[in-house]
Protein chains: 2
Amino acid sequence: MPGRPKDNTDYLTEVVGEDEDTIDFEIIELLFFAYRDFTGDPDAILEKSGFGRAHHRVVHFVNREPGMTVADLLDTLKITKQSLARVLKQLIDSGYIRQVTGPEDRRQRMLYTTEEGKALARALAEPQSRRIAEALAKTGPGARETVKRFLANMKNAAAD
Amino acid sequence: MPGRPKDNTDYLTEVVGEDEDTIDFEIIELLFFAYRDFTGDPDAILEKSGFGRAHHRVVHFVNREPGMTVADLLDTLKITKQSLARVLKQLIDSGYIRQVTGPEDRRQRMLYTTEEGKALARALAEPQSRRIAEALAKTGPGARETVKRFLANMKNAAAD
DNA sequence: AAAATATGTCAGTTTTGTTGACATATTTTT
DNA sequence: AAAAATATGTCAACAAAACTGACATATTTT
C-alpha cells in the first residue's frame with residue numbers, strides 16, 4: 001500500500017485497464033507545455049502586425065486550403081460565425097485575405113490569401129516549424145512518423 | 001515548376017536545410033487539431049461545474065504539485081496574477097482549492113486541492129487520458145516513449 | 001412558391017487575458 | 001533598526017476572443 005512510486009512512467013499503459021490510477025497526467029501535462037510554448041512562437045510577429053492568435057489560425061488555414069468556404073473554416077476552427085466574422089473582416093480589410101463568389105454556388109464565399117497573406121502565414125509558421133524540426137531531431141530517427149500518427153490519432157474522427 | 005506534390009511527407013526533414021519551403025505545415029496543423037479536440041474533452045464536465053478551461057488548468061496543476069505557491073503557478077501558466085486571481089478565488093470559494101501559509105516563508109501561500117478538488121481534477125483528466133491511451137495504442141508499440149520525448153523537446157528550455 | 005442554405009450583421013454577454021496602481025505582510029539587505 | 005525587496009492580494013479599466021439570439025439578404029433546393 002505505501003511507497004507507491006511518484007512517477008507513473010510506463011507501466012500505466014499496461015497494468016491497469018480502466019481502473020483507478022489510470023490517469024495519464026504525464027502526457028496531459030507534456031501536451032500542455034508543448035502547446036503553450038509552440039503557440040507562443042509567433043507572438044512577436046503577431047504583435048508587429050497588430051493581429052492576434054485568432055487571425056493567425058484563419059490565415060493559416062485559408063493559406064493551406066485556398067478556396068475553402070466560410071463554412072469550411074467554421075468547421076475547422078470550431079467557433080461561431082459571429083466570432084469568425086470580426087477577425088475575417090479585419091484580415092480582408094487589411095488585404096491579407098480576399099473572397100471570391102463561389103462559381104457553382106454563388107452563396108458561398110471562397111477564401112484565398114493574397115500575396116501579403118501568404119507571406120504572413122509563412123512568417124508566422126516559420127518559428128513553429130523550426131521548433132518542430134529541432135524537437136524531432138532531438139527525439140531521434142523515425143520520430144516524425146510516430147509523432148504524425150500519434151497526433152492524427154488524437155484528433156476526433158471526422159464527422160462527415 | 002508545375003506538379004509539385006501537395007503532400008510534404010518525409011523528405012522535408014532531409015532535403016532542404018534552412019531554405020525556402022521548409023515550413024512544416026503538416027505537423028503544425030496536426031498539433032492544432034490534436035490539441036483542439038483534446039481540450040474539448042472536459043468541456044461537458046466543466047459546464048456542469050460552471051467552470052472554464054482556466055479553472056481546469058489551475059486545478060490540474062495544483063493537484064499535480066500539491067503545495068506549489070502562487071508564484072509557481074503563475075510561472076507555469078504564464079499569465080498575470082490578476083488573471084489568475086479571479087479563477088483561483090472562485091476555486092477557493094467553491095472549496096476545490098485551499099491555501100496554507102508557507103511554513104518557511106510566511107508570505108507564501110501554498111496551494112492544495114481539497115478532496116473535491118482532487119475528484120474534479122481526476123474527472124477532467126479522465127477523458128483526456130482515455131484519448132491519449134487510445135491514440136498511443138493505435139500508433140503502435142514504443143509510441144509512448146517517442147511521443148514523450150518529442151513533447152518534452154517542444155517545450156522551451158527552463159529559464160532558471 | 002416555399003423552404004432551406006450560406007453568409008452577413010446587430011446587439012449584448014462571458015471568459016480569459018492584459019496594464020497600471022497601490023496595500024499588506026514578511027523577509028532580506030544595508 | 002531602517003530601508004529595500006518580495007509574495008500576495010486587490011481595485012479599476014480595458015482588450016481579445018469567444019458566446020447567444022435575432023434578423024436580413026441572396027441564392028439554391030424542394
Side-chain angles (χ1 to χ4, degrees), chain A residues 32 35-36 39-40 42-62 67-94 97-112, chain B residues 32 35-36 39-40 42-62 67-94 97-112:
Chain A
F32 170 80
Y35 202 75
R36 181 197 64 182
T39 52
D43 280 356
I45 299 155
L46 285 170
E47 196 150 11
K48 268 188 259 170
S49 44
F51 292 135
R53 290 181 185 177
H55 303 85
H56 179 185
R57 292 195 287 274
V58 170
V59 173
H60 168 88
F61 282 108
V62 172
M68 80 191 303
T69 67
V70 172
D72 291 338
L73 192 48
L74 288 175
D75 188 60
T76 298
L77 300 173
K78 307 280 192 220
I79 58 174
T80 59
K81 68 174 170 178
Q82 297 92 326
S83 196
L84 172 61
R86 239 165 326 182
V87 303
L88 183 55
K89 198 168 198 292
Q90 290 171 336
L91 286 167
I92 291 168
D93 292 350
S94 323
I97 286 179
R98 67 194 164 84
Q99 289 182 313
V100 176
T101 297
E104 319 270 275
D105 188 335
R106 294 163 41 103
R107 292 171 300 182
Q108 296 182 332
R109 299 288 172 269
M110 323 256 287
L111 303 172
Y112 297 89
Chain B
F32 170 80
Y35 202 75
R36 182 197 64 180
T39 51
D43 281 354
I45 299 154
L46 286 170
E47 195 151 8
K48 270 188 260 173
S49 43
F51 292 134
R53 288 179 187 178
H55 303 86
H56 180 185
R57 293 194 287 274
V58 171
V59 173
H60 168 88
F61 282 109
V62 172
M68 80 191 302
T69 67
V70 171
D72 292 338
L73 193 48
L74 288 175
D75 188 60
T76 298
L77 299 174
K78 307 281 192 221
I79 58 174
T80 58
K81 68 174 170 178
Q82 296 93 325
S83 194
L84 172 61
R86 240 167 325 183
V87 304
L88 183 54
K89 198 167 198 290
Q90 291 170 336
L91 286 166
I92 291 167
D93 291 349
S94 324
I97 287 180
R98 67 196 165 82
Q99 289 182 314
V100 175
T101 297
E104 320 270 271
D105 187 334
R106 294 165 41 102
R107 292 170 301 182
Q108 295 181 333
R109 298 287 173 271
M110 322 256 286
L111 303 172
Y112 296 90

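Any value given below was found using the heavy atoms of this structure, including those in side chains, with hydrogens, waters and symmetry copies removed. The sequence lines fix the lettering, A, B, ..., with proteins before strands; numbering per chain opens at 1.
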Any A:Thr80 side-chain N or O less than 4.0 Å from OP1/OP2 of D:dC19: yes

Donor-acceptor pair (no angle test) under 3.5 Å: A:Arg107 side chain, C:dT5 base: yes

Donor/acceptor link under 3.5 angstrom from B:Lys81 side chain onto base of D:dG9: yes

Duplex segments of DNA chain D, taken as runs of at least three Watson-Crick or G-U pairs that stay under 3.5 Å: C:1-30 with D:1-30

Short side-chain N/O contact from B:His55 to OP1 or OP2 of C:dT16, under 4.0 Å: yes

Backbone of B:Ile79 reached by a side-chain donor or acceptor of B:Ser83 within 3.5 Å: no

Base of D:dG9 paired with side chain of B:Gln82 (donor-acceptor, under 3.5 Å): no

DNA chain D: 5'-proximal contact among A:Gly50 and A:Pro103 (nearest heavy atom): A:Gly50

Sub-4.5 Å side-chain heavy-atom contact between B:His55 and B:Ser49: no

For atom CD of A:Gln108 and atom C1' of C:dA4, their distance in whole Å: 14 Å

Nearest-neighbour nucleotide for the A:Ala85 side chain, C:dT27, C:dT9, C:dG8 considered: C:dT9

Residue whose closest nucleotide on DNA chain C lies nearer the 5' end, A:Met110 versus B:Arg53: A:Met110

Touch class at under 4.0 angstrom, heavy-atom based, for A:Gln99 against every strand present: sugar-phosphate

Between NZ on residue B:Lys81 and CG on residue B:Leu73, distance to nearest 0.5 Å: 14.0 Å

Closest to side chain of A:Arg57, choosing from C:dG17, C:dG8, D:dA18: D:dA18

B:His56 NE2 - C:dG17 P separation (whole Å): 13 Å

Atom pair distance, as rounded to whole Å: CD1 in B:Ile79 and P in D:dT8: 14 Å

Separation of D:dA17 C1' from A:Leu74 CG (nearest whole Å): 14 Å

Length of the CG-P vector between A:Leu73 and D:dA17, whole Å: 15 Å

Straight-line distance of B:Thr76 OG1 to B:Arg57 CZ, nearest 0.5 Å: 12.0 Å

Ring centroid separation A:Phe61 to B:Phe32 under 6.0 Å: yes

5' precedence on DNA chain D between A:Gly52 and A:Arg106 (nearest-nucleotide basis): A:Gly52

Contact check, side chains of B:Val100 and B:Arg109, non-hydrogen atoms, under 4.5 Å: no

Heavy-atom side-chain proximity of A:Gln108 to A:Thr101 below 4.5 angstrom: no

Gap between atoms CG and C1', on A:Asp105 and D:dT30 respectively (whole Å): 15 Å

From A:Lys89 atom NZ to A:Leu91 atom CG, the distance as rounded to the nearest 0.5 Å: 12.0 Å

Interatomic distance where CG belongs to A:Asp72 and P belongs to C:dT5 [whole Å]: 16 Å

For atom CG of B:Asp75 and atom C1' of D:dT8, their distance in whole Å: 16 Å

Side chain of B:Ser83 (C-beta onward), nearest among C:dT18, C:dG8, D:dG9: C:dT18

Side chain B:Arg86 and base C:dG17 donor-acceptor under 3.5 Å: yes

Closest to side chain of B:Val70, choosing from C:dT16, D:dA17, D:dT8: D:dT8

